[in-house]
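Before any comments, here is the structure.
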Number of protein chains: 2
Amino acid sequence: MENKAEIEALVNEIIGRVADKWTMVVLEALEARGTMRFTELSQEIPEISQKMLTKTVRQMERDGLVSRKVYAVIPPKVEYTLTALGHGLSEAFCGVWIWAEKNHAKIHEARRKFDVKAAR
Amino acid sequence: MENKAEIEALVNEIIGRVADKWTMVVLEALEARGTMRFTELSQEIPEISQKMLTKTVRQMERDGLVSRKVYAVIPPKVEYTLTALGHGLSEAFCGVWIWAEKNHAKIHEARRKFDVKAAR
DNA sequence: ATCTATACTTCCCTGCAGGAGAGTAATGGA
DNA sequence: TCCATTACTCTCCTGCAGGGAAGTATAGAT
């Protein structure tokens, strides 16, 4: 049996890495639309810069969350698809999405109250 | 019915805010140990700086995830406890924790392979 | 000859995350 | 009288996230 603290650190690292803003957004897009090209992704997520999209998608590839299929044509064509691991993560996050949808009103309400109190 | 894109943006914002590194760690600590004082938290999470702990915990309070009970004594005593909302979030993340525990080996494996390939 | 499309990379620049360390208020105990 | 304790706050400082814009390779269309 491995060291408990070690596993915890690992899990923390993975969640920290995997649960960053852009990874989540790309994950969502790919889950919703299936296989997508680079340009399609950047159109689907207009707020992300090219640089960040490249970086995010590379990182996800490295982590085994997406597969990257390059066609040897000109102009280039590259397709991104979620792997089984990627689908699994997306499923795991499902609970969080649902929670967020259900509870965003409560959070806003809590913030409002807090801010009113703080203003005094 | 509200605008779909608006809700999506809201959910994204909340997840982005709520799922940051320190919030997750504090959430986990409070879920595991129940009510904790400031110093206890910082001992439980030695990697966090005082500044960041204060900030994280304040933010969580504002979002209604934790409640803060101040005792009017000297030296000061402040207790932090998860609210129902906080417990709910922690529960929602449960799936992600489990996923991470189950799959960290696969991720490391994927990274190894990727790095070997990239080295060529 | 020039333009376009695609999936990048590179460079430059700014702002903010976040660490380190010192300061603070108030009281009880040695 | 001086120190320890607690939960902060404040200031200074560094490094990196990330945006914007330009550059690149290549071939087919005009």
Side-chain angles (χ1 to χ4, degrees), chain A residues 9 12-13 15-27 29-30 33 35-63 65-81 114 117-120, chain B residues 9 12-13 15-27 29-30 33 35-63 65-81 114 117-120:
Chain A
N12 271 329
E13 187 240 311
I15 288 186
R17 162 164 300 270
V18 125
D20 88 302
K21 189 184 164 190
W22 293 131
T23 301
M24 305 257 315
V25 176
V26 171
L27 194 71
L30 284 174
R33 311 249 165 164
T35 296
M36 289 175 90
R37 298 183 59 179
F38 186 87
T39 309
E40 289 177 303
L41 274 171
S42 68
Q43 280 161 359
E44 182 76 15
I45 315 166
E47 326 88 69
I48 198 173
S49 68
Q50 268 200 347
K51 197 178 86 174
M52 274 300 111
L53 181 54
T54 303
K55 196 178 159 188
T56 303
V57 121
R58 272 285 176 294
Q59 188 158 208
M60 290 174 78
E61 189 196 357
R62 184 168 109 97
D63 288 347
L65 301 175
V66 301
S67 67
R68 190 161 162 275
K69 183 163 186 191
V70 183
Y71 294 84
V73 297
I74 278 162
K77 179 175 175 183
V78 181
E79 284 178 350
Y80 294 94
T81 312
F114 183 91
K117 244 194 257 175
R120 277 181 289 158
Chain B
N12 271 329
E13 187 241 311
I15 289 186
R17 163 164 299 272
V18 125
D20 88 303
K21 188 183 164 192
W22 294 131
T23 301
M24 307 257 314
V25 177
V26 170
L27 194 71
L30 285 175
R33 311 252 164 162
T35 297
M36 290 175 89
R37 298 183 58 176
F38 186 88
T39 309
E40 289 177 304
L41 274 171
S42 69
Q43 281 163 358
E44 182 76 16
I45 315 168
E47 326 90 71
I48 200 173
S49 67
Q50 267 199 347
K51 196 178 86 173
M52 275 299 110
L53 180 54
T54 303
K55 195 179 160 187
T56 302
V57 120
R58 273 284 178 293
Q59 188 157 210
M60 292 174 78
E61 190 196 357
R62 184 168 110 97
D63 287 347
L65 301 174
V66 302
S67 66
R68 191 160 160 276
K69 182 164 185 189
V70 183
Y71 294 84
V73 298
I74 277 160
K77 179 175 177 183
V78 181
E79 284 179 351
Y80 295 94
T81 312
F114 183 92
K117 244 194 256 176
R120 277 182 286 158

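Just so it is clear: chains get the letters A, B, ... in the order the sequence lines come, proteins before strands, and each one is counted from 1. Values reported hereafter were calculated over all heavy atoms of this structure, with side chains retained and with hydrogens, waters and symmetry mates removed. Small disclaimer: the values here were computed from a predicted structure and weren't measured.
At the phosphate of dC8(C), OP1 or OP2 sits under 4.0 Å from a side-chain N or O atom of Tyr80(A). Arg37(A) has no side-chain polar atom (N or O) that falls below the 4.0 Å cut-off from OP1 or OP2 of dC8(C). For the OP1/OP2 pair of dA7(C) and a distance below 4.0 Å, the side-chain nitrogens and oxygens of Thr39(A) include at least one atom meeting the criterion. A close approach under 4.0 Å does occur between a side-chain nitrogen or oxygen of Lys55(B) and OP1 or OP2 of dA17(C). In this structure, Arg58(A) reaches the dC8(C) phosphate: one of its side-chain N or O atoms is under 4.0 Å from OP1 or OP2.
Atom CD in Glu79(A) sits 14.5 Å away from atom CZ in Phe38(A) (nearest 0.5 Å). Taking CZ of Arg58(B) as the start and CG of Leu53(B) as the end, the distance is 9.5 Å to the nearest 0.5 Å.
Taking atom CE of residue Met52(B) and atom C1' of nucleotide dT14(D), one finds them 14 Å apart after rounding to whole Å. With rounding to whole Å, Tyr71(A) atom OH is found 15 Å from dA7(C) atom C1'. Rounded to a whole Å, the CD1 atom of Ile74(A) is 16 Å from the P atom of dT24(D). Between the CD atom of Gln43(B) and the C1' atom of dT5(D) there is a distance of 13 Å, rounded to whole Å. Going from atom CD of Gln50(B) over to atom C1' of dG18(C) covers 14 Å, rounded to whole Å. Atom CG in Leu41(A) sits roughly 10 Å away from atom P in dC8(C) (whole-Å rounding). A straight line from CD of Glu61(B) to P of dA7(D) spans 15 Å, rounded to a whole angstrom. Computed from coordinates, the Lys69(A) NZ to dA7(C) C1' distance equals 17 Å when rounded to whole Å.
In this structure a side-chain-to-backbone donor-acceptor pair under 3.5 Å is missing from Gln59(B) to Thr56(B).
Taking every side-chain heavy atom of Lys51(B) into account, dG19(C) is the closest of dG19(C), dG19(D), dT27(C).
Heavy-atom neighbours of Arg68(A) CZ from other residues, nucleotides or ligands within 6.0 Å: above the threshold of 12.
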For Trp22(B) and Ile45(B), run side chain to side chain contact (heavy atoms under 4.5 Å, CB included): C-alpha distance rounded to whole Å, both residues' side-chain angles, the deciding distance at 0.1 Å, then the answer.
-> CA-CA 9 Å; Trp22(B) 294 131; Ile45(B) 315 168; 4.2 Å; yes
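Counting non-hydrogen atoms under 4.0 angstrom, Thr54(A) reaches a base of the nucleic acid.
Mapping Pro75(A) and Phe38(B) onto DNA chain D by nearest heavy atom places Phe38(B) at the nucleotide closer to the 5' end.
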